[in-house]
2 protein chains.
Amino acid sequence: MSRKPFQRWSLDERRCALLEATLDSVAEDGLSGASARRIAEHAGVTAGLIRHYFGSKDAMVRAAYGYLIGQMTAEAAQSAEEGGEAPEQHLARFIVANVTAPNLSSRKVALWATFIGRVRTEPDYAEIHRESYREFLNLLETLIHPLLLAFERPADPVTCQRYAIALNALIDGLWLEGGLGHGLYDTVLLPEIALSAAEGILALPADTLRRPLAGDG
Amino acid sequence: MSRKPFQRWSLDERRCALLEATLDSVAEDGLSGASARRIAEHAGVTAGLIRHYFGSKDAMVRAAYGYLIGQMTAEAAQSAEEGGEAPEQHLARFIVANVTAPNLSSRKVALWATFIGRVRTEPDYAEIHRESYREFLNLLETLIHPLLLAFERPADPVTCQRYAIALNALIDGLWLEGGLGHGLYDTVLLPEIALSAAEGILALPADTLRRPLAGDG
DNA sequence: TGCCATATTGCACAATCGTATAGCAATAGA
DNA sequence: TCTATTGCTATACGATTGTGCAATATGGCA
């Protein structure tokens, strides 16, 4: 019997590799199928290493949820910064980014749903979720506010929050519909549907959000 | 040692009891924590009975997903039949019902999410989900079509489906937001937000959906 | 080059998993 | 009231679970 040869990685590299392996395993086999040994196999290490880096398997899975949410909110925040021109262009790009690859991904939707199922009864998951939700809502409000002002519309905080809640629901719902890919329609239609619906929700003139993106692809 | 006393129930009663126990267990402990013994304990029986009624634990959990979805679509369909008056009242009641208790329930959201996480990789779950989604979309289209006609608007199938997709996303998203209950706002606001957003998406005159429900709740 | 700190492996352990099976007991029908 | 059916319990089995611990080989540093 010969021992398995191995490399010593840096703390961050190994941690990330384990977290990615955890997400891969959860996305494929669910929380019930993602055993410590299977996750370790995904990461190319043995199960004992989990304890060394995260203390316990549950702690690693929790960390993986935080890792996933961190990636997703970072992507959302980044797509909100792009195209710093007119407010309508800003919001339009943000919306489209959320219903288009790579943000729209069946793997991410599956992971998100799997973890969301634990939010109700596990406080650690609830905390992570609540924070990310608040961040997304704030992001939307900061995009809506200048847009309302530009159209000389009331833009008090209550109004902005109401619009943000509705817009967030729309985006979440379309992201889910697209990611689940029931195959009832083509996901190429999603950006168009999302933008026209958002125009309606915000009571903006037709094509206000769609025009600035014309010819983008 | 004395054996546990027991009653012989009818096939349907025992099946439903086991399915409810499965959902209770999954909602509380997740798919990974819902073991055969724990589910049996919830149902007040011993684990061996699962094999007798469902063949295997996995088969029972799949049946529980179908059972849950069946309940939810039945409730949705029922709330669509109520108030058979003007088209706008019809749609308005349907929307409100979906963002109000008992349809809006944190337990149902948790269960839905947990199972949705398995749709991507398990064909049996995908089949159940796809069918229920198609049914919900059709339901929405049958509510939208007469409403568009009443306002002398184009109501071709493509237009109706686009509106249904957007409206479904909005309802799903608000249902999720409300059921997750992050406590950032009061869920009493949800019906108002849902109706005004729906008016916007469908490009209906303000208060078209809100007026017929004034004074209801 | 050689040594040392430690990242990593390998294994054992109790607990729990799903389920197959044998037999008890509750209930419907005679 | 007796009997036959079978719903249900009880138990055992092998596989798998998470994890604690000892041994080891690796890569940085003197």
Side-chain angles (χ1 to χ4, degrees), chain A residues 1-26 28-65 114-115 118 122 124-125, chain B residues 1-26 28-65 114-115 118 122 124-125:
Chain A
M1 288 298 290
S2 71
R3 263 173 96 100
K4 169 190 175 184
F6 62 93
Q7 287 186 6
R8 298 164 81 110
W9 287 12
S10 78
L11 188 139
D12 278 351
E13 279 177 329
R14 192 60 88 187
R15 270 185 67 97
C16 282
L18 280 169
L19 293 177
E20 291 283 358
T22 304
L23 294 181
D24 281 344
S25 203
V26 171
E28 187 175 341
D29 306 316
L31 277 175
S32 55
S35 69
R37 283 172 177 81
R38 194 126 62 169
I39 293 171
E41 193 179 9
H42 268 260
V45 297
T46 53
L49 207 58
I50 291 171
R51 176 178 160 79
H52 187 263
Y53 278 95
F54 296 95
S56 74
K57 181 220 166 191
D58 279 351
M60 182 174 71
V61 175
R62 275 194 296 271
Y65 177 45
T114 301
F115 286 120
R118 310 296 314 128
E122 298 207 11
D124 290 336
Y125 288 81
Chain B
M1 287 296 289
S2 71
R3 264 173 97 98
K4 170 189 175 186
F6 63 93
Q7 288 186 4
R8 298 162 84 110
W9 288 12
S10 78
L11 188 140
D12 278 353
E13 279 177 330
R14 191 63 86 189
R15 271 185 68 96
C16 282
L18 280 169
L19 293 177
E20 291 284 358
T22 304
L23 294 181
D24 281 343
S25 203
V26 171
E28 187 175 341
D29 305 316
L31 276 176
S32 55
S35 69
R37 284 173 176 81
R38 196 127 61 170
I39 293 170
E41 193 179 10
H42 268 261
V45 297
T46 53
L49 207 58
I50 290 171
R51 176 178 159 80
H52 187 263
Y53 277 95
F54 296 95
S56 75
K57 181 220 168 192
D58 279 351
M60 183 173 71
V61 175
R62 276 193 297 272
Y65 178 46
T114 301
F115 286 119
R118 308 299 312 128
E122 299 209 9
D124 290 336
Y125 288 81

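Just so it is clear: chains get the letters A, B, ... in the order the sequence lines come, proteins before strands, and each one is counted from 1. All values reported here derive from a predicted model rather than from experimental measurement. The basis for the numbers below is simple: all heavy atoms, side chains too, and nothing from hydrogens, waters or symmetry mates.
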Give one of base, sugar-phosphate or nothing for Tyr53(B), where a contact means two heavy atoms less than 4.0 Å apart.
sugar-phosphate

Without decimals, in angstroms, what is the distance between Lys57(A) NZ and dT16(D) P?
15 Å

Rounded distance in Å - NE2 (His52(A)) to P (dA5(C))
15 Å

Grab the CG-P distance between Leu18(B) and dG18(C) for me, whole Å please.
14 Å

Among all residues two or more places apart in sequence or in another chain, which pass the side-chain contact (heavy atoms from CB on, under 4.5 Å) test with Asp124(B)?
Arg62(B)

Residue-level proximity of residues 35-44 of chain A to DNA chain D when a heavy atom falls under 4.0 Å
Ser35(A), Ala36(A), Arg37(A)

Rounded distance in Å - CG (Asp58(B)) to P (dG18(C)):
8 Å

Starting from the 5' end of DNA chain C, give me the residue, Ala34(B) or Val45(A), whose nearest nucleotide shows up first.
Val45(A)

side-chain hydrogen bond (donor to acceptor under 3.5 Å, both in side chains) pairs, two or more places apart, involving residues 35-46 of chain B
none

Taking atom CD of Glu122(B) and atom CZ of Phe115(B), what is their separation to the nearest 0.5 Å?
10.5 Å

Donor-acceptor contacts under 3.5 Å from residues 6-20 of chain B side chains, at least two apart:
residue: Gln7(B); atom: OE1; partner: Trp9(B); partner atom: NE1; Å: 3.3
residue: Ser10(B); atom: OG; partner: Glu13(B); partner atom: N; Å: 3.2
residue: Ser10(B); atom: OG; partner: Glu13(B); partner atom: OE1; Å: 3.4
residue: Glu13(B); atom: OE1; partner: Ser10(B); partner atom: N; Å: 3.4
residue: Arg14(B); atom: NH2; partner: Gln7(B); partner atom: O; Å: 2.9
residue: Glu20(B); atom: OE2; partner: Tyr67(B); partner atom: OH; Å: 2.9

Go along nucleotides 24-30 of chain C 5' to 3' and tag each nucleotide: B for a protein heavy atom under 4.0 Å from its base, S when only backbone or sugar atoms are that close, - otherwise.
BBBS---

Distance check needed: dT9(D) P versus Ile50(B) CD1, whole Å only.
11 Å

Got a sec, which residues hit side chain to side chain donor-acceptor pair (under 3.5 Å) with Asp24(A), two or more places apart in sequence or on another chain?
Arg107(A)

What integer distance in Å separates Leu49(A):CG from dG18(D):P?
15 Å

